[in-house]
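Inspection log for the structure reproduced underneath, given as structure tokens.
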Amino acid sequence: MSLVLYNTLKRAKEPFTPLRPDHVGMYVCGPTVYDLAHIGNARPVIVFDVLYRLLKRRYPRVTYVRNITDVDDKINAAAKANNEPIAALTKRTTDQFHADIAALNALPPDVEPRATEHIGEMIALIQILIERNHAYVAGRRRGLHVLFSVESDPAYGKLSNRSRDEMIAGARVEVAPYKKDPADFVLWKPSSPDLPGWDSPWGRGRPGWHIECSAMSKKHLGQTIDIHGGGVDLVFPHHENEVAQSECAHGQTFARYWVHNGFLTVNGEKMSKSLGNFITIRDALKLAPGEVIRAFMLGTHYRQPIDWTEEALKRARARLDRWYRALARATPAAPGAGEIEHNWEREFLLALDDDLNTPHALSVLDEQASCVLGAGSADATRFAATLRANAYLLGLLTKDAGQWFRQGAANDGLGESEIERLIAERNDARQRKDFAEADRIRKQLSDQGVVLEDKAGATTWRRTG
RNA sequence: GGCCCGGUGGCAGAGUGGCCAUGCAGCGGACUGCAAAUCCGCGUACGUCGGUUCGAUUCCGGCCCGGGCCUCCA
């Protein structure tokens with residue numbers, strides 16, 4: 001039983017073996033902090049969080065690095081538009097990002113490097129590339145650019161599987177005059193006084209987009225990393241350029257396994273501000289608890305496209321509700337605690353080992369929940385512990401079941417004491433056999449999203465989404 | 001134009017050369033004062049045309065349709 005991952009570099013699934021048997025290094029491209037993170041950003045966060053948890057389970061030590069890009073032209077533009085200092089914007093956005101993904105139960109990475117704190121490392125890397133004739137300095141009037149020479153790298157294009165000629169033929173961008181070759185990309189560019197800049201051998205300037213990941217992964221994980229992750233849209237040019245920079249500078253493999261998550265659409269359309277279907281994580285959390293969003297994301301394999309709809313969200317919630325009902329059936333256990341039954345663990349982990357087949361893993365949890373719901377109380381408790389322990393690996397079922405069903409609607413809906421009062425009133429009516437009144441109260445509550453269940457001795461309630 | 005993914009039952013979504021995915025929704029039944037929850041039962045799904053095979057949804061090829069990337073993007 002071992003982990004298999006789809007490697008974009010090979011376009012095939014491969015058994016995963018870390019370079020060092022006891023220590024896995026993983027680098028994932030993090031956000032550019034210029035605006036609130038959207039649900040598309042949430043996908044890689046959740047996918048790689050699950051991979052991180054699985055790796056931690058499998059290996060003694062895992063170092064997960066996810067950067068914060070805090071120098072970028074989009075940031076400059078947003079700060080200007082907001083009339084806000086850049087540092088204030090990036091700080092605020094970073095804090096929001098942290099809060100948002102914490103609500104999605106994502107574990108913090110081991111290292112979260114910021115680009116602005118690694119300018120020295122970037123400059124050093126660029127110097128190596130110049131020394132090795134893989135980069136050149138160009139331009140004059142407005143300052144000096146440093147460009148990567150794509151022609152100097154015969155392996156260029158191996159990740160995205162395209163030749164240099166194809167790229168030039170397909171390029172729809174105007175070629176900057178200082179480029180020796182249309183395919184060359186910027187490592188360093190000059191900054192005007194009103195833009196962020198750092199002193200460098202090429203004058204005051206700022207880094208190009210791609211160099212930060214090469215520099216930061218080198219610093220925190222070494223010249224060769226085991227896993228590099230991100231969204232598919234980053235394969236070209238971002239990841240391709242990272243490979244070029246790092247491998248030309250160091251003469252060794254940059255990343256051994258490239259893992260890319262598929263795109264998220266909203267109601268079948270690409271999410272964009274102009275279409276008006278731009279959903280921030282913050283907005284999504286108003287529609288559903290973080291665990292529901294997480295279950296939604298994990299219900300589709302990470303490499304498949306996923307479509308965000310209210311319908312899908314409802315389904316994810318219904319599924320979690322059922323699991324929580326199973327937990328409620330059993331004696332409460334602490335989140336993450338519990339003995340894992342061997343067969344269930346096997347089947348569950350087997351699914352995850354197969355290129356993170358979370359939909360399959362969730363179906364195993366479905367079956368475990370059925371098992372709990374159908375079992376007698378002693379077995380139910382045992383099975384529930386397994387269910388909870390398995391789910392915990394996915395960052396799900398981390399709440400107490402009672403708490404789960406009572407959450408939400410706290411502000412605008414009925415308060416708990418009000419609900420309890422109505423239930424008592426209804427039970428009085430039932431005692432009197434005044435079922436018309438009892439049903440009226442049931443209806444009143446259900447209209448406000450509270451469902452009652454009459455059990456043997458008592459009436460319990462829960463909120464529905 | 002180039003590169004890369006997909007097309008599975010009402011919906012979502014795994015998977016497999018011959019046998020169960022799973023969940024939701026639907027239908028019938030049990031249970032319930034009514035419900036809810038739960039349990040039992042039901043529905044003959046794999047875009048299309050060929051090929052390989054004893055047998056293909058699964059392998060190969062053509063075609064049709066959809067999506068992504070090639071420019072900032074998770």
Side-chain angles (χ1 to χ4, degrees), chain A residues 6 8 11 28-32 34-35 37-48 72-74 77 157 160-163 165-174 183 209 229-238 240 260-265 268-273 295-296 298-307 309 311-323 325-326 328-329 351 354 357-370 372-375 429-430 433-436 438-440 442-443 445-446 450-455 459-462 464:
Chain A
Y6 182 90
T8 305
R11 269 158 281 279
V28 175
C29 290
T32 300
Y34 68 103
D35 199 0
H38 55 72
I39 49 177
N41 297 308
R43 171 115 105 145
V45 168
I46 291 170
V47 165
F48 291 104
D72 182 276
D73 287 348
K74 287 195 294 292
S160 56
N161 193 30
R162 55 190 90 199
S163 72
D165 292 343
E166 282 165 4
M167 290 172 350
I168 294 166
R172 282 178 254 152
V173 272
E174 213 177 306
W209 175 32
V232 266
D233 54 313
L234 295 181
V235 173
F236 188 87
H238 186 51
E240 189 70 63
H260 292 101
N261 64 274
F263 238 68
L264 177 142
T265 52
E269 288 180 311
K270 184 167 172 168
M271 181 164 51
S272 75
K273 283 182 177 168
F296 158 75
L298 298 179
T300 297
H301 184 85
Y302 76 90
R303 280 191 286 117
Q304 294 297 117
I306 190 170
D307 191 33
T309 61
E311 197 51 42
L313 214 53
K314 256 165 90 175
R315 259 196 290 266
R317 180 192 292 269
R319 194 174 208 176
L320 270 176
D321 280 351
R322 184 163 174 271
W323 298 346
R325 251 179 253 126
R329 188 67 69 95
D354 180 16
N357 192 336
T358 52
H360 189 186
L362 296 193
S363 81
V364 174
L365 297 183
D366 283 331
E367 288 173 332
Q368 288 178 238
S370 297
V372 175
L373 291 165
R430 291 172 72 210
K433 304 255 189 243
D434 182 358
F435 294 122
D439 288 350
R440 189 192 62 74
R442 175 193 286 292
K443 176 88 175 22
L445 283 166
S446 80
V450 176
V451 172
L452 302 185
E453 297 184 20
D454 296 325
K455 302 247 174 74
T459 298
T460 60
W461 62 272
R462 62 187 162 85
T464 59

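Below, read A as the first sequence line, B as the second, and so on, with proteins coming before strands; counting in each chain starts at 1.
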**Message:** Please report the distance, rounded to the nearest Å, between CG in A/Leu362 and P in B/G23.
**Reply:** 12 Å
**Request:** Can you tell me the distance, in whole Å, between the NE2 atom of A/His301 and the C1' atom of B/A12?
**Result:** 16 Å
**Pairwise P distance for B/C27 and B/U8, with rounding to whole Å** = 25 Å
**Complete:** Taken to the nearest whole Å, CG/A/Leu452 to P/B/U32 is 19 Å
**Prompt:** Taking C-beta and beyond as the side chain, do A/Phe296 and A/Ile306 meet within less than 4.5 Å on heavy atoms?
**Reply:** yes
**Message:** Taking syn as a glycosidic torsion within 90° of 0 and anything else as anti, which one is B/C59?
**Reply:** anti
**Message:** Need the pair for B/C59. Rule: Watson-Crick or G-U wobble, both distances under 3.5 Å, any strand; none if unpaired.
**Reply:** B/G51
**Asked** Between A/Asn161 and B/C4, is there a side-chain N or O to OP1/OP2 distance below 4.0 Å?
**Response** yes
**Prompt:** Nearest to the side chain of A/Val451, which nucleotide is it out of B/A74, B/A21, B/A36?
**Reply:** B/A36
**Asked** Looking for any heavy atom pair under 4.0 Å, which part of the strands does A/Asp439 touch: base, sugar-phosphate only, or nothing?
**Response** base
**Request:** Please give the nucleotide sitting opposite B/U44 as a Watson-Crick or G-U wobble pair, both distances under 3.5 Å, or none.
**Result:** none
**Sugar-phosphate only, base, or nothing, as touched by A/Gly40 at under 4.0 Å among non-hydrogen atoms** = base
**Asked** Considering only B/G6, B/C69, B/A37, which nucleotide approaches the side chain of A/Phe236 most closely?
**Response** B/C69
**Message:** Base, sugar-phosphate or nothing for A/Leu264? Non-hydrogen atoms, less than 4.0 Å.
**Reply:** base
**Request:** Quote, to the nearest angstrom, the C1' distance that separates B/G15 from B/G50.
**Result:** 25 Å
**Message:** I want to check one thing: is the phosphate of B/U38, taken as OP1 and OP2, less than 4.0 Å away from some side-chain N or O of A/Arg325?
**Reply:** yes
**Asked** Do A/Val235 and A/His260 come close enough that some side-chain heavy atom pair is under 4.5 Å?
**Response** yes
**Item:** Atom pair distance, as rounded to whole Å: CG in A/Asn357 and P in B/U22
**Value:** 15 Å
**Prompt:** Using a cut-off of less than 4.0 Å, is there contact between a side-chain N or O of A/Lys270 and OP1 or OP2 of B/C69?
**Reply:** yes
**Message:** Using a heavy-atom cut-off of 4.0 Å across all strands, would you classify A/Asp454 as base, sugar-phosphate, or nothing?
**Reply:** base
**Prompt:** Under a 3.5 Å cut-off for both distances, is B/A30 Watson-Crick or wobble paired, and to whom?
**Reply:** B/U38
**Message:** Classify A/Glu311 by what it touches in the nucleic acid, base, sugar-phosphate, or nothing, heavy-atom distance under 4.0 Å.
**Reply:** nothing
**Message:** Pairing check on B/G6: which nucleotide meets the Watson-Crick or G-U wobble criteria with it, both distances under 3.5 Å?
**Reply:** B/C65
**Request:** Take A/Tyr6 and A/Arg430, find for each the nucleotide of RNA chain B with the closest heavy atom, and name the residue whose nucleotide sits nearer the 5' end.
**Result:** A/Tyr6
**Asked** To the side chain of A/Ala438, which of B/C4, B/A74, B/G33 is closest?
**Response** B/G33
**Item:** Cationic N near anionic O, under 4.0 Å, A/Lys270 to A/Asp233
**Value:** no
**Message:** Roughly how many Å apart are B/G10 and B/G67, using the P atom of each and rounding to a whole number?
**Reply:** 22 Å
**Message:** What's A/Leu234 touching, base or sugar-phosphate or nothing? Going by heavy atoms closer than 4.0 Å.
**Reply:** sugar-phosphate
**Prompt:** Which nucleotide sits closest to the side chain of A/Glu453: B/U22, B/A74, B/A37?
**Reply:** B/A37
**Item:** B/C3 phosphate, OP1 or OP2, under 4.0 Å from A/Ser160 side-chain N/O
**Value:** no
**Prompt:** Of all the choices, B/A74, B/U22, B/A37, which nucleotide is nearest to the side chain of A/Glu367 once you look at every atom?
**Reply:** B/U22
**Request:** Could you check if a side-chain atom of A/Leu373 sits within less than 4.5 angstrom of a side-chain atom of A/Arg322, using non-hydrogen atoms only?
**Result:** yes
**Item:** Pairwise P distance, B/C59 and B/U38 [rounded to whole Å]
**Value:** 37 Å
**Pairing partner (Watson-Crick or G-U wobble, both distances under 3.5 angstrom) of B/C20** = none
**Prompt:** Given side chains that start at C-beta, do those of A/Val372 and A/Gln368 come closer than 4.5 Å, heavy atoms only?
**Reply:** no
**Prompt:** Does B/G1 pair with anything, Watson-Crick or G-U wobble, both distances under 3.5 Å, and if so, with which nucleotide?
**Reply:** B/C70
**Request:** Find out whether A/Val450 and A/Arg462 are in side-chain contact, i.e. whether some heavy atom of one side chain is under 4.5 Å from a heavy atom of the other.
**Result:** no
**Prompt:** Nearest to the side chain of A/Ser363, which nucleotide is it out of B/A21, B/A36, B/G23?
**Reply:** B/A21
**Asked** Taking atom C1' in both B/C49 and B/C64, what distance in whole Å separates the two?
**Response** 10 Å
**Minimum-distance nucleotide (side-chain atoms of A/Pro359 versus B/G23, B/A74, B/G13)** = B/G13
**Asked** P atom, B/U32 versus B/U16: distance in rounded Å?
**Response** 45 Å
**Asked** Just checking, A/Arg303 and A/Tyr6: is the charged tip under 6.0 Å from the six-membered ring centre and within 45° of the axis?
**Response** yes
**Complete:** Out of B/C4, B/U22, B/A74, minimum distance to the side chain of A/Arg11 belongs to B/C4
**Request:** In whole angstrom, give me the gap between the C1' atoms of B/C46 and B/G9.
**Result:** 8 Å
**Message:** Test your reading of the model: is there a side-chain donor-acceptor pair from A/Glu453 to the backbone of A/Thr460, 3.5 Å cut-off?
**Reply:** no
**Item:** C1' atoms of B/U52 and B/A14, separation to the nearest Å
**Value:** 27 Å
**Message:** If you only use heavy atoms from C-beta on, which nucleotide in B/U38, B/A37, B/A12 is closest to the side chain of A/Arg315?
**Reply:** B/A12
**Message:** Closer than 4.0 angstrom, basic N to acidic O: yes or no for A/Asp35 and A/Lys74?
**Reply:** no
**Prompt:** Base, sugar-phosphate alone, or nothing: which one does A/Lys455 contact when heavy atoms must sit under 4.0 Å apart?
**Reply:** nothing
**Asked** Between B/C69, B/A14, B/A37, which nucleotide gets closest to the side-chain atoms of A/His360?
**Response** B/A14
**Prompt:** So which one's nearest nucleotide on RNA chain B is more toward 5', A/Asp354 or A/Leu373?
**Reply:** A/Asp354
**Request:** Please work out if A/His238 contacts a base, only the sugar-phosphate, or nothing of the nucleic acid, heavy-atom cut-off 4.0 Å.
**Result:** nothing
